[in-house]
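What follows is a set of notes on a single structure, which appears directly below.
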Amino acid sequence: MADAPASLNPAQLEAVHHLRGPCLVLAGAGSGKTRVITHKIARLLQAGLAPKQIAAITFTNKAAQEMRERAKGLVGPKAAKDLVISTFHSLGVRLLREDGQRVGLKEQFSILDSDDVLGVLRDAGSCSDNALARRWQWTISLWKNQGLDSEAALRAAKDADEQVAARVMKLYEERLAAYQAVDFDDLIGLPLKLLQRDEEARAKWQERFGHVLVDEYQDTNAVQYELLKALVSHPDDRRRGLFTAVGDDDQSIYGWRGATIDNLKRLPEDWPTLKVIPLEQNYRSTGHILRAANNVIAGNPKLFEKKLWSEFGDGDPVRLVECDGEEHEAERAVAFIQGLRGQGGALADGRQGGQTKFSDFAVLYRANHQSRVLEQKLRAAQIPYKVSGGTSFFDRAEIKDLCAWLRLLVNQDDDPAFLRAVTTPKRGIGHQTLGKLGEFSGKWKVSLFEALFSESLAAQLGPKAIGSLHEFGRYVNELEHRARHTQGSEDAKALLLEWLKDIGYEQHLYDSEDSEKLAASRWSNVMDFIDWIAKRCGGEITQEGGNFESERQTVLQVAQTISVIISLAERGDEQDVVTLSTLHASKGLEWPHVVLAGVNEGLLPFKSDAEEMTPQRLEEERRLMYVGITRARSTLMVSTLRRRKKGRETVAGIPSRFIAEMKLNEAGANEDPRERLKRLRAELATKAAGVAEQQAAHRGR
DNA sequence: CATACATGAATTTTT
DNA sequence: TTCATGTATG
């Protein structure tokens with residue numbers, strides 16, 4: 001969190017300094033969890049562990065990356081580099097690369113992605129029905145997450161469908177063994193098998209890691225917990241488990257993919273000396289928001305007692321909005337954004353937030369398809385947005401490579417694009433040459449591309465380097481010329497393919513990737529990209545944003561459009577846009593102003609016709625609501641549909657039971673009058689402080 | 001019988 | 001948006 005306190009609070013301190021035994025940190029939403037983890041890493045280093053002896057495990061690569069970044073800020077880049085901060089899966093790969101042979105894997109095993117798995121399953125089950133194969137894949141993965149093999153699965157199968165799935169699983173296992181391949185689940189399961197069966201290996205890995213930290217512990221599945229145990233437990237001394245699990249039972253929202261809250265229940269049973277430390281002080285949200293969150297989650301039976309509180313004032317009440325249909329709801333969300341935007345509201349912690357930006361807003365919803373209407377209305381209102389989790393095609397390395405070329409064609413003075421294009425693929429132009437070129441362009445205030453043809457540069461470089469540079473420059477010019485004059489999808493595609501062939505891009509992919517399959521999949525992305533551009537050159541009649549475009553475009557024109565998109569995307573997190581996200585994808589994030597959209601029975605809690613609503617399911621849905629509420633710092637708008645269009649008729653919408661559970665009307669009403677006075681005073685004080693700060697800042701400028 | 005087009009419905013996600 | 005199913009037509 002950006003606004004974490006300058007020093008650690010007592011609970012955080014306790015968590016950081018508990019080094020000698022197992023520790024469970026129950027980190028409520030916005031309670032400074034990452035601070036605890038990074039400070040604990042620093043403390044462990046201080047206590048004498050080497051960086052490579054500290055393992056911090058996360059669920060996503062992104063989380064791992066962020067944690068390493070945060071750790072770097074605290075312990076310095078040198079120590080941070082050697083810390084083992086990785087996902088469960090990459091840790092598993094590490095174990096298997098080193099010791100896979102001990103569980104019957106050859107040195108070069110391959111890892112199947114989920115498309116590969118689907119293919120194998122279709123094949124093994126002689127099935128052309130993709131949906132069925134996908135159901136098998138799902139079921140099998142869940143079984144593997146529980147540590148079951150095909151035999152155990154067959155015994156556990158509840159119905160005929162599951163029996164079939166279990167039989168397919170047996171064939172699937174045989175195929176994987178024959179191919180020397182593993183799936184994602186095996187990356188956890190096989191290392192576990194290794195540590196359980198091989199004393200020597202276990203001793204080695206337990207020796208290697210002096211302390212293991214697990215982030216988002218509530219999301220672990222049964223096999224992941226066993227792996228953790230195998231990594232840290234001494235066979236003859238249970239108490240010596242040196243690990244820190246950090247999680248929040250109230251934010252466990254991944255039960256449907258195998259995460260089990262049992263892992264939290266079992267922790268104190270399995271580790272009698274476990275130190276349980278709740279972090280209850282929240283540094284994120286205002287009182288109204290926090291109270292609504294606490295009220296909702298109070299409806300769940302609790303494993304551990306925990307109630308969030310904060311030193312911030314009550315802030316704005318939660319706004320409840322009732323809408324007539326999804327379109328209306330989207331309009332209300334837009335109005336909410338427009339109403340707050342540009343205001344200089346104070347944040348929950350009293351800091352002056354400055355002008356409210358688009359990026360201060362998020363609209364959260366239960367299911368992806370809900371984003372559609374929102375996108376339409378945001379576009380109509382000219383509000384920039386990004387859909388989180390939307391797999392950004394443009395983020396892929398191979399696409400970025402090609403985009404660099406396109407950008408260079410559009411604007412030859414685009415130096416970053418030049419640097420990427422000139423080295424992709426490698427063409428004998430190295431650091432030395434580019435260094436000289438950069439020096440030269442800096443000195444004469446010209447772009448790298450301009451510098452390239454300069455006479456006086458030739459004097460400073462060898463003939464070979466100059467030759468390669470000139471050849472590159474000439475090629476770019478030629479390509480630019482042709483791109484300027486090529487239109488129509490057929491011709492465009494031909495030109496683009498020729499270009500790829502000229503620069504040897506396919507070969508480059510196969511050379512730089514050690515797995516042939518990975519290279520092939522990257523190449524197929526490239527072909528998709530080419531088709532996409534070519535289609536745009538074809539000038540079909542398309543309707544976009546209300547305008548009809550029927551012009552055939554040249555390759556260069558399309559490249560221009562793309563460069564604009566890219567330059568916007570390259571600003572990355574800094575771009576000032578509203579976030580649209582599912583509730584699931586929003587976990588761990590926060591915004592000053594949040595809209596929860598579609599808070600209706602049927603959607604949240606979600607009701608499916610296929611599966612029955614069990615108490616466990618309902619509880620997970622409630623936690624999802626809790627996660628949504630606690631994303632907001634200052635302002636929360638909860639929106640529900642009173643009516644909803646279904647086909648041609650309008651049906652009534654039922655507000656979610658979670659809305660009543662927030663007890664919005666009682667909030668503040670049951671507040672002690674003395675507390676109320678105290679609160680108002682505090683709010684005045686922070687406001688005054690904010691004004692003073694602003695004035696000071698003004699004078700400073 | 002096969003293909004083309006329209007209509008409607010839609011959990012949640014990472015490795 | 002995508003994906004699957006249904007209808008109409010060749």
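Protein chains get the first letters and strands the later ones, always in sequence-line order, with residue 1 at the start of each.
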When we call it a touch if two heavy atoms are under 4.0 Å apart, what does A/Asp185 touch: a base, just sugar-phosphate, or nothing? nothing
A/Glu620 CD to B/dT13 P, straight-line distance once rounded to whole Å: 13 Å
Base, sugar-phosphate, or nothing for A/Thr60, non-hydrogen atoms under 4.0 angstrom? sugar-phosphate
Would you mind classifying the nucleic acid contact of A/Phe606 as base, sugar-phosphate or nothing, using non-hydrogen atoms under 4.0 angstrom? base
Does any N or O in the side chain of A/Arg643 come within less than 3.5 Å of the main-chain N or O of A/Cys323, such that one atom is a donor and the other an acceptor? no
Nucleotide of B/dT15, B/dT12, B/dT13 approaching A/Arg366 most closely (side-chain heavy atoms): B/dT12
base_contact_polar (B/dT11 base, A/Arg617 side chain, donor-acceptor, <3.5 Å): yes
A/Phe184 over B/dT14, stacked by centroid distance under 5.5 Å, angle under 30°: no
Between C1' on B/dT11 and CZ on A/Arg134, what's the gap in Å once rounded to a whole number? 15 Å
Judged by atom type as modelled, is there a donor-acceptor pair below 3.5 Å linking the side chain of A/Asn600 to the main-chain atoms of A/Leu603? no
Only pairs at least two apart or in different chains count here, so list each ring-ring contact (aromatic ring centres under 6.0 Å, His included) that has a residue in residues 87-123 of chain A. A/Phe59-A/Phe88
Could you check how far CD of A/Gln218 sits from P of B/dT12, rounded to whole Å? 20 Å
side-chain contact (heavy atoms from CB on, under 4.5 Å) partners of A/Val223, counting only residues at least two apart: A/Ile188, A/Leu192, A/Asn221
Whole-Å distance between B/dT13 P and A/Tyr254 OH? 6 Å
Against the side chain of A/Asn61, the closest entry in B/dT15, B/dT12, C/dT1 is B/dT15
May I have the step-by-step check of salt bridge (Lys or Arg N to Asp or Glu O under 4.0 Å) for A/Lys607 and A/Glu601, ending in yes or no? CA-CA 8 Å; A/Lys607 189 178 167 305; A/Glu601 284 295 310; over 6 Å; no
Is there a side-chain polar atom (N or O) of A/Asn368 under 4.0 Å from OP1 or OP2 of C/dT2? no
Identify whether any heavy atom of A/Asp183 sits under 4.0 Å from a base atom; if not, whether one sits that close to sugar-phosphate; answer base, sugar-phosphate or nothing. nothing
The nucleotide from B/dT15, B/dA10, B/dT13 with an atom nearest the side chain of A/His369 is B/dA10
Between B/dT15 atom C1' and A/Glu216 atom CD, what is the distance in whole Å? 15 Å
Interatomic distance where CG belongs to A/Asn221 and C1' belongs to B/dT15 [whole Å]: 12 Å
May I have the distance from A/Gln370 (atom CD) to C/dT2 (atom C1'), rounded to whole angstrom? 16 Å
Distance check needed: B/dT12 P versus A/Arg257 CZ, whole Å only. 13 Å
Hey, is the side chain of A/Thr582 poking within less than 4.0 Å of OP1 or OP2 on B/dT13, counting only N and O atoms? yes
